[in-house]
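What follows is one structure encoded as structure tokens, with my remarks underneath.
Side chains are part of it too, since the values below use all heavy atoms of this structure and drop only hydrogens, waters and symmetry mates. Counting from 1, the numbers follow the sequence of the chain as shown.
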Amino acid sequence: MAWLRAASGLARHALRRRALLTRAPPLAARCFHSAPPACRPSAPAPRAVPLSRLTDSFLDGTSSVYLEELQRAWEADPASVDESWDNFFRNFLGQAAPSAGLSGQTIQESMQLLLLVRAYQVNGHMKAKLDPLRLDERAVPEDLDLSLYGFTDADLDREFFLGVWRMAGFLSENRPVLTLREILSKLEQAYCGPIGYECMHIPDRDKCNWLRDKIESAKPMEYHKDRRLVMLDRLIWSTQFENFLATKWATAKRFGLEGGETLIPGMKEMFDRAADLGVENIVIGMPHRGRLNVLGNVVRKPLSQIFSEFTGGTRPVEGEDGLYTGTGDVKYHLGTSYDRPTRGGKRIHLSLVANPSHLEAVDPVVIGKTRAKQFYSNDLDRTKNMGILIHGDGSFAGQGVVYETLHLSALPNYTTGGTIHIVVNNQVAFTTDPRAGRSSQYCTDVAKALDAPIFHVNGDDLEAVVRVCELAAEWRQTFHSDVVVDLICYRRFGHNEIDEPSFTQPKMYQVIKNHPSSLKLYEQKLLGTGEVSKEDIQRIHEKVNRILNEEFAKSKDYVPNKRDWLSAYWTGFKSPEQISRVRNTGVKPEVLKRVGQAITTLPENFKPHRAVKKIFELRSAMIQSGEGIDWAVAEALAFATLIVEGNHVRLSGQDVQRGTFSHRHAVLHDQETGGKYCPLDHVVMNQNEELFTVSNSSLSEFAVLGFEMGYSMENPNSLVLWEAQFGDFSNGAQVMFDQFLSSGEAKWLRQTGLVVLLPHGYDGQGPEHSSARLERFLQMSDDNPFVIPEMEPTLRKQIQECNWQVVNVTTPANYFHVLRRQIHREFRKPLIVVAPKNLLRHKDCKSNLSEFDDVEGHPGFDKQGTRFKRLIKDRNDHKQVEESIRRLVLCSGKVNNTFEV
């Protein structure tokens, strides 16, 4: 226990301090013995049990001797010991208390009481009443047994003081004297009720004290009548919504929330509290269970629209231009976005991100989108935009992307100031019992790696659910870090409504069959207190049923507005059936020269590595001469010119600041001071430090690519890039490619201009460092191989109609233009760039600066202007052999340079 180890050290410090202030007496007179020497002054009665008689199970071998000596010195003269020890002994020896019971409190008993309180704080959750089905068979930890600490029933009515210096909650030095019975009652009430707290693994005393003040309140929190009526209304909406769907579509799969209905009022109360604390936008990610209920009751998606999707889905409007409906997706995967009023009179914007069936895959997407919202709203302290992730118990423990996402939470260029995680804990994953699905006690144990507090709560206790949801919002806004709510509930039906759960969990479902709903339990509670009548409850039920039936009637004639469920629709951007004009991507020569000078000039007092200094001298010469522009300079010019135009550029991935092959050097390191300098941070005057962001990521593909995917979806005027360390490693994020990047627009109408850079090239470094598996990306392209696309510039739509672009660029100039083209068009498509390692420094892989500008007549300018070249003609003269040519070879990337050699 850290505080006891600290006490031992403090004791030594106090003794050394006393030795310096006074002349040391002879050895026999120092009072430094476990047995009382003759010089020892008489102690006030009653006598404390000497600590030397105690075992050292909670102190190191010499601490008891030090503490005993300090006690004796304090008894002789309280001013002779450190102030903190004076407080300690005053509290535990009860000098100021006249009670006979208290006056007999010994230091030994004080230490035992401290250990008892600590045991409840650490392990009280093991005794908490968390399972609404009461099927958990957990043994009560031995350290919660009173007899372990030497107390008996005879001690229950003795009075004790528990105060400790600089501690909160039960251990606050301002707490009144209590009997042991009262202490136990308060501990049981705080830690062993319907909420189980896990927070003592957090190494920060201020955070623990904050939580102890919230948990160990002098009086248990009670909600007044008006709040309880609001909670009741919200729980009735949650329950009746599921009942209505079950009645109207009895055989449809909807992944209902039955058994976990308190999630809805809990989320609403959480959002109300968050809004009161300054949150303006919330981005939500969740699996399919309960999604329709969250869409209708929390996010406020029109109920008529939800009911319409049950009967026929989204239908195009006859003659309506621009109503691209894509392939669509099942209703419990769709997202939406609405403004919602709060109980406190504010408005909060809620975005529910669309997701596939791959559980937890949406987690990093939500975090990336939240981070982007913070950038664009200038939310520097990260208190206005917040992410909420809802998980299942099996997936939170089993899916690796959960930890990968949690691991981003405190990284400088990925943090969002804390995410609230809500685990809807069904106590079974599809058909798998927890004992077969995880190795840990709880499904939430992975979050302990982040020092996140975890609140386990009985899902049948509505007020306990509301309490922890509000507490989670307060934690996030106070400490700007992650927090977990473990909502322990059950599934009243199987994995879906037409599944038979008794095949695999017969005992559980026999109990569930006879178990009352959380709504019934809460109604009984309020009826018991007399706060509501049966007539009051019946009126709410009738109101909810009336509205549900009215919305159902409207759904039969429901016609979707133009992408009316598409959150953050980008005004002016074209859908695949609308023609978008092709734009030039060349830049004025004077702008190229100016930004070229800015990105190749280093501060005079900066001392880079001599090899890096040489690289930047060569780059400066390239800009000055206008010749020999290589791959890295072309990329930097693309970034810099977009920044000058006011666009945000973000590059992320493993080792991207230097580049896997030491070619980029976007961030330089002073060899003497260790200071850093990023030339692209100094392209324009007073440049926002995040306008250009280049960030080395954690060693993760799945979560980091997902993060950048979410980031790119927020605003079209940003170039967001993710680079794999090697193209081969992109398959660590295969789910993101398959379920989001290649198919997201068709399923969910969500455009993204994310750029994926895949260094690649069969350069003799073995099978794991050679191929980005270009064939896989081509296979996932949905371009029709039997249709020749229209090439007339005014009618060209091939890229718009395809799901993404895959390029194997040959020249630095073409790389420059393909990056700028991502921003200079009226639609957004993902771009997969296979970047051959061989070309980064190839002597023939160079471009002239004139191929980057927009001046008519230069080599890069043709009848279409200066832009990305889909076809680069062979520059060699073959006139003499044209008659004998029998085969025309189309090639890309490094192959062209190999042929020319």
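Residue Glu590 qualifies as enclosed at atom CD: its count of foreign heavy atoms under 6.0 Å is above 12. By the neighbour-count criterion of 12 heavy atoms within 6.0 Å, atom NZ of Lys593 is densely surrounded, having more than that number from other residues, nucleotides or ligands. The neighbour count for Gln597 CD, taken as heavy atoms of other residues, nucleotides or ligands under 6.0 Å away, does not exceed 12.
In this view, His358 and Pro356, Ala361, Val735, Gln739 satisfy the side-chain contact (heavy atoms from CB on, under 4.5 Å) rule, not counting sequence neighbours. Partners of Gln822 according to the side-chain contact (heavy atoms from CB on, under 4.5 Å) rule, which considers only residues two or more places apart in sequence or in another chain, are Leu719, Val755, Gln805, Arg825, Leu831. With sequence neighbours excluded, no residue forms a salt bridge (Lys or Arg N to Asp or Glu O under 4.0 Å) with Arg619.
With ring centers used as reference points, Tyr815 lies 6.0 Å or more from Phe868. Taking the six-membered ring where the residue is Trp, the centroids of Tyr711 and Trp722 are separated by 6.0 Å or more. Taking the ring centroids of His609 and Phe616, they lie at or beyond the 6.0 Å cut-off. For an aromatic pair to be called close, the ring centres must be under 6.0 Å apart, and Phe777 with Trp804 satisfies this.
For the atom pair CE of Met386 and CD of Glu280, the computed distance is 12.0 Å after rounding to the nearest 0.5 Å.
Applying side chain to side chain contact (heavy atoms under 4.5 Å, CB included) to Lys373 and the options Ile282, Asn715, Asn385 leaves one that passes, Asn385. Evaluated for a salt bridge (Lys or Arg N to Asp or Glu O under 4.0 Å) with Glu714, the options Lys369, Arg828, Arg750 yield exactly one hit, Lys369. With respect to Val683, the side chain to side chain contact (heavy atoms under 4.5 Å, CB included) criterion is satisfied by exactly one of Thr641, Val644, Leu691: Val644. Among the candidates Phe606, Tyr677, Phe692, the single residue satisfying the ring pair (Phe, Tyr, Trp, His ring centres under 6.0 Å) test with His682 is Tyr677. With Thr585 as reference, His817 is the one residue of Arg820, His817, His824, Arg821 to meet the side chain to side chain donor-acceptor pair (under 3.5 Å) rule.
Nearest heavy atom pair, residue Ser698 against residue Leu408, reads OG-CD2, 3.7 Å.
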Begin with the C-alpha distance, continue with both residues' side-chain angles, and end with the deciding distance and a verdict on side-chain contact (heavy atoms from CB on, under 4.5 Å) for Leu651 and Arg664.
CA-CA 12 Å; Leu651 170 62; Arg664 181 173 289 122; 3.6 Å; yes

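In this model, no donor atom of one side chain and acceptor atom of the other lie less than 3.5 Å apart for Asp363 and Thr405.
Ring geometry for Phe726 against Phe729 counts as perpendicular: the plane angle is over 60°, on a 0 to 90° scale with 30° as the lower cut.
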